[in-house]
A.B. asks: 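Here it is, the structure in full.
Remember, it's a predicted structure, so these values are computed and weren't measured experimentally. Chain letters run A, B, ... following the sequence lines, proteins first and then strands; every chain starts at 1.
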2 protein chains.
Amino acid sequence: MSRRKPSIRDVAALAGVSTATVSNVFSGRKPVNDDLRENVRKAAEALGYQIDRAASQLRSGRNRIIAVLVPDLIDTFFATIVSRLETLAFEQDYDVIVASSHDNRSVESSRLKALLSWRPAGLVIVPCSHVLPAELLDVKDRLPMVLVDRVSTGNAIADTVTIDNIDAGEIAARHLLERGHRDIVLAVSHSSFPPLAERVEGASKVVASYVGRRPRALELGSNVAAGAKIFSDWLERNPLPGAVIALTNVTTLSVLSALAQHRIEIPSKTSVIAFDDYAWMSARNTGLTAVRQPVDDIASMAWNRLTLRMEEGARRRAEPTVLNASLVIRASVKELSPSEPAEFGKDGPPGEAAPGRGEDVKKIH
Amino acid sequence: MSRRKPSIRDVAALAGVSTATVSNVFSGRKPVNDDLRENVRKAAEALGYQIDRAASQLRSGRNRIIAVLVPDLIDTFFATIVSRLETLAFEQDYDVIVASSHDNRSVESSRLKALLSWRPAGLVIVPCSHVLPAELLDVKDRLPMVLVDRVSTGNAIADTVTIDNIDAGEIAARHLLERGHRDIVLAVSHSSFPPLAERVEGASKVVASYVGRRPRALELGSNVAAGAKIFSDWLERNPLPGAVIALTNVTTLSVLSALAQHRIEIPSKTSVIAFDDYAWMSARNTGLTAVRQPVDDIASMAWNRLTLRMEEGARRRAEPTVLNASLVIRASVKELSPSEPAEFGKDGPPGEAAPGRGEDVKKIH
DNA sequence: GAGATTCTGTTAAACGTTTTACAGTTAATC
DNA sequence: GATTAACTGTAAAACGTTTAACAGAATCTC
């Protein structure tokens, strides 16, 4: 018995039909008589026939590959998106080929080039910076694609799916302010990334409008340990802030790490708002209050947009989809009582500071 | 100007050579004169030529796809493996096409079939149960592959990469026993999965040899919330154990969730050993002592084995690779002092139980 | 300097599908 | 009962590569 995989010709021979008929049975492009179809099925089964997608794609020009390029699969946020996309794609008989750029623009370019050489039917990309890889521009009106997350909203070269990052920042800031916090610092990975700049902007504006000045924003990078070190060093050189808003899930980890290292308790010593909503955030004694991105919805919308494009072709204006983040309230934000006025409080009673927490009410500079 | 992508023929025409020469320039299979090569490069550049991998694969039979099938990308453990594999593969110019089985055997079969139709050069699979999909057996000596993680070690249909799960269980149990714990329960997702059964076995044996009876093992499933509910219910109907060993990363989350929900403090009220080592485990005030799987090494070894197979062909016995887990000691295990003898202690002084922790020393049933 | 060898390039035949053009049969219409 | 239309199947030509077979020129060997 030959080791070679059976081809459509073998099936045709065994079933006593032409290759075209076999093709039609499998692709369903033309109707085939019931008995014949059954014969073909049987023959294929007997031979263990499997269609060769390379040949199929070559001839038809169409194909069933969705290319997905994300900064890093280790980041649960992106992994979740890929996972959802893969599931959705599979339901419609697409396969997903995945690559990561590791937040490196030249890697991004080269990965993108590789992905493109598969002539995918569609592309979902989370760019690693706001400046899009050149390869993308080349194919932008030949290839259905959608840009997700790391996109400046004005950036209309293709459909986009993002969250309202300004709002996300505002939500967090407002929550803190409503609970009496005034002494707030922001932690972010790279403030040059479009969504992050917007989150910072949203939070800062709100804080500034209450407090009279914009909060300090710390850049912690996108590595947990390195970020923890930076934040830890900062903590040592500065008075403990009343609250910190982490604007990224890895930043959240960095902040938490540094805080733990200094044995600073949450929320009694300082309050924390986390970003993204993962299982581990609630699996602790003081659950983390967090800004939740609707990650499943992001993936679904990206898929919707993409399928629409794939059906309709490129003739249609690029359209942005903006989803809303929400606040999951747990226990990491302290409710400041009237006897513990915020430092800028204009109206609070002159009661004494909370015992043993004098450092809490110092100004951050 | 035509919208059609330029083919090798267009490049050949522009460069004034044959298509074969162009092919040789790009594949490097035959040497090409320097000037000519430069010409071809220029022409390709000018036209924006990109090789069509489908055509290439069809003709050559060879290809550069690695298929990866894992239970679920949402699980950071698997995502990390995929991420590493993708990086390693890319360095050698392979692309990764990824699919997940969602721990469902029929999905696994159907995904596998789809992956196989790409005629990949290699396959890395984390099976979702110990019974391997039939499709795998069909191709086992035609397709280089390596089985990772969820594999019974005896299962020698192909190269395997696993950790020593018995040892992993033992490590955790021994750590607890050495610190005076005797009242230990095990938490696991599905004890039918090969590696989990072994972890349970390892831990149980060690505990039994100290304590005289095997510890209770709870099945929490592979969904965090559902598992938390199960464990929470169990906690209500049973005395609080002195320590719990989670033998899976999602189980860890379930246990922690339930414990937090009941406001049971770690390690003062009960000790916990976590499984896998993630950033969030140290980003808390009481860092989690955890059994760490060498996930990067697992991925690297899998890749090594796979490339070896791809080069050598199938002629060689299937070989298991077993790596070792290690214990990362942090703060979630209480050091029982001599005045708090373990319940079965035969030699401890008859001192009184720790104040307010009477429930701690009750037997689990 | 004749024959063998090595280089370097070309021609043309694959690879396994899909699809166009066509043909034969049957059903529908007038 | 002739003409059309609708079905259902086939033959053969693609699709864009790679590669076996070949060929011409240059180099080597004796």
A.B. asks: For Ser109(A) and Ser106(A), run side chain to side chain donor-acceptor pair (under 3.5 Å): C-alpha distance rounded to whole Å, both residues' side-chain angles, the deciding distance at 0.1 Å, then the answer.
C.D. replies: CA-CA 5 Å; Ser109(A) 271; Ser106(A) 81; over 6 Å; no
A.B. asks: Can you list, in residue-number order, the parts of residues 24-42 of chain B that come under 4.0 Å of DNA chain D, counting heavy atoms only?
C.D. replies: Arg29(B), Lys30(B)
A.B. asks: Let me see the working for Thr21(B) and Ser18(B) under side chain to side chain donor-acceptor pair (under 3.5 Å), right down to the final yes or no.
C.D. replies: CA-CA 5 Å; Thr21(B) 302; Ser18(B) 74; 3.3 Å; yes
A.B. asks: Among all residues two or more places apart in sequence or in another chain, which pass the salt bridge (charged side-chain N to carboxylate O under 4.0 Å, His left out) test with Asp52(A)?
C.D. replies: Arg119(B)
A.B. asks: Would the distance check show the side chain of Asn63(A) and the main-chain N or O of Ala54(A) forming a donor-acceptor pair, the cut-off being under 3.5 Å?
C.D. replies: no
A.B. asks: Look only at the side chain of Ser7(B) and the backbone of Arg9(B), and say whether a donor-acceptor pair between them is shorter than 3.5 Å.
C.D. replies: yes
A.B. asks: Counting only side-chain nitrogens and oxygens, does Thr21(A) get under 4.0 Å of the OP1 or OP2 atom of dT10(D)?
C.D. replies: yes
A.B. asks: Between C1' on dC15(D) and CG on Asn63(A), what's the gap in Å once rounded to a whole number?
C.D. replies: 13 Å
A.B. asks: In residues 44-62 of chain B, which residues come under 4.0 Å of DNA chain C by heavy atom?
C.D. replies: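 Result for residues 44-62 of chain B: Leu58(B), Arg59(B), sorted by number.
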A.B. asks: Is the side chain of Ser23(B) donor-acceptor paired with the backbone N or O of Thr19(B) at a distance under 3.5 Å, no angle test?
C.D. replies: no
A.B. asks: Could you say whether Ser23(B) or Ala20(A) is positioned toward the 5' end of DNA chain D, judged by the nucleotide with the nearest heavy atom to each?
C.D. replies: Ala20(A)
A.B. asks: Once you round it to whole Å, what is the distance between P of dA12(D) and CD1 of Ile8(A)?
C.D. replies: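 Checked: the CD1 to P distance equals 17 Å.
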A.B. asks: Okay, side chain of Arg62(B), backbone of Ser56(B): is any donor-acceptor separation there less than 3.5 Å?
C.D. replies: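 Checked: no pair found.
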A.B. asks: Is it true that a side-chain atom of Gln57(A) and a backbone atom of Pro120(A) form a donor plus acceptor pair closer than 3.5 Å?
C.D. replies: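 No, the answer is negative, given that no donor and acceptor are paired below the 3.5 Å cut-off.
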